[in-house]
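Okay, structure first, notes after.
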Amino acid sequence: QVQLVESGGGLVQAGGSLRLSCAASGRTFSTNGMGWFRQVPGKGREFVATISWNSYTTYNAETVKGRFTISRDNAKKMMWLQMNALKPEDTAVYYCAAQILGSGSDRASDYVYWGQGTQVTVSS
């Protein structure tokens, strides 16, 4: 069982930066693949970035490549999403998620644990 809590969201102007944090608690974290997803009202959850259990594999959605960076620290049971050059279309609720497997994935259905979400709003 893994419990996840996101923080770091807020209001930022276009071109600005935010760093989202995901704090994990529970028996496992270091063996779980992790991911960030986002959702806007009326749409499904959209993949943003994922990282394998050992950080060897990371990949981002095309929409955020070159702007967002995912990272983790297993000893601290923390994951982060550094978001730079933010655009109004990045406005969404951002969720962190954990798999049972350690590989990382871009599919929401591969994740079993989810945080409550943190709102990111980018003004133009």
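Owing to the predicted nature of the structure, the values given are computational and were not obtained by experimental measurement.
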Residue pair Arg45, Trp114: steps toward the side-chain contact (heavy atoms from CB on, under 4.5 Å) verdict: CA-CA 12 Å; Arg45 288 191 181 177; Trp114 293 85; 2.9 Å; yes

Residues Phe29, Met34; criterion side-chain contact (heavy atoms from CB on, under 4.5 Å); working and verdict: CA-CA 9 Å; Phe29 174 80; Met34 300 291 295; 3.7 Å; yes

Leu20 to Gly9 - nearest heavy-atom pair and separation: CD2-N, 3.6 Å

Gap between atom CG of Asn74 and atom CG of Asn54 - 0.5 Å precision: 8.5 Å

Sub-6.0 Å ring centroid separation between Phe47 and Tyr59: yes

Which atom of Ala49 lies closest to which atom of Asn60, heavy atoms considered: CB-OD1, 3.2 Å

Same apolar cluster: Tyr95 and Val2, side chain cutoff 4.5 Å: no

Geometric class of the Tyr94/Phe68 ring pair [parallel <30°, tilted 30-60°, perpendicular >60°]: tilted

Approximate separation, where rounding is to 0.5 Å, of Trp36 CH2 and Thr118 OG1: 8.0 Å

Audit row: Gln1, Tyr113, side-chain contact (heavy atoms from CB on, under 4.5 Å) steps and yes/no: CA-CA 8 Å; Gln1 188 80 9; Tyr113 305 113; 3.9 Å; yes

Nearest heavy-atom neighbours spanning Gln39 and Ala92: O-CB, 3.4 Å

Side-chain donor/acceptor of Glu6 to backbone N/O of Cys96, under 3.5 Å: yes

Side chain Arg72, main chain Gly33, donor-acceptor under 3.5 Å: no

Contact check, side chains of Thr63 and Arg38, non-hydrogen atoms, under 4.5 Å: yes

Verify same cluster id: Val48, Val12 (apolar side-chain graph, 4.5 Å): yes

Closest approach of Asp110 to Ser105 (non-hydrogen atoms, all atoms of both residues): OD2-OG, 2.6 Å

N/O donor-acceptor pair under 3.5 Å between Asn32 side chain and Gly102 backbone: no

Verdict with reasoning, Asp73 to Trp80, per side-chain contact (heavy atoms from CB on, under 4.5 Å): CA-CA 9 Å; Asp73 185 327; Trp80 298 276; 3.6 Å; yes

Any donor-acceptor N/O pair, Lys87 side chain to Val122 backbone, under 3.5 Å: no

Spacing of Lys77 atom NZ and Leu4 atom CG [to the nearest 0.5 Å]: 11.0 Å

Main-chain N/O of Val5 paired with Gln116 side-chain donor or acceptor, under 3.5 Å: no

Donor-acceptor under 3.5 Å (Thr50 side chain, Gly104 main chain): no

Gap between atom CD1 of Ile51 and atom OG1 of Thr57 - 0.5 Å precision: 9.0 Å

Connected via hydrophobic side-chain network under 4.5 Å: Tyr111 and Val93: yes

Over all atoms of both residues, closest heavy-atom pair of Pro88 and Ser124: CG-CB, 3.8 Å

Enclosure of Gln13 CD (heavy-atom neighbours >12, cutoff 6.0 Å): no

Sub-4.5 Å side-chain heavy-atom contact between Met78 and Ser21: yes

Spacing of CD1 belonging to Ile70 relative to OG belonging to Ser55, to within rounding of 0.5 Å: 9.0 Å

Side chains of Met83 and Asp90 in contact at under 4.5 Å (non-hydrogen atoms): no

Heavy-atom closest pair, residues Gly8 and Leu18: O-CD2, 3.8 Å

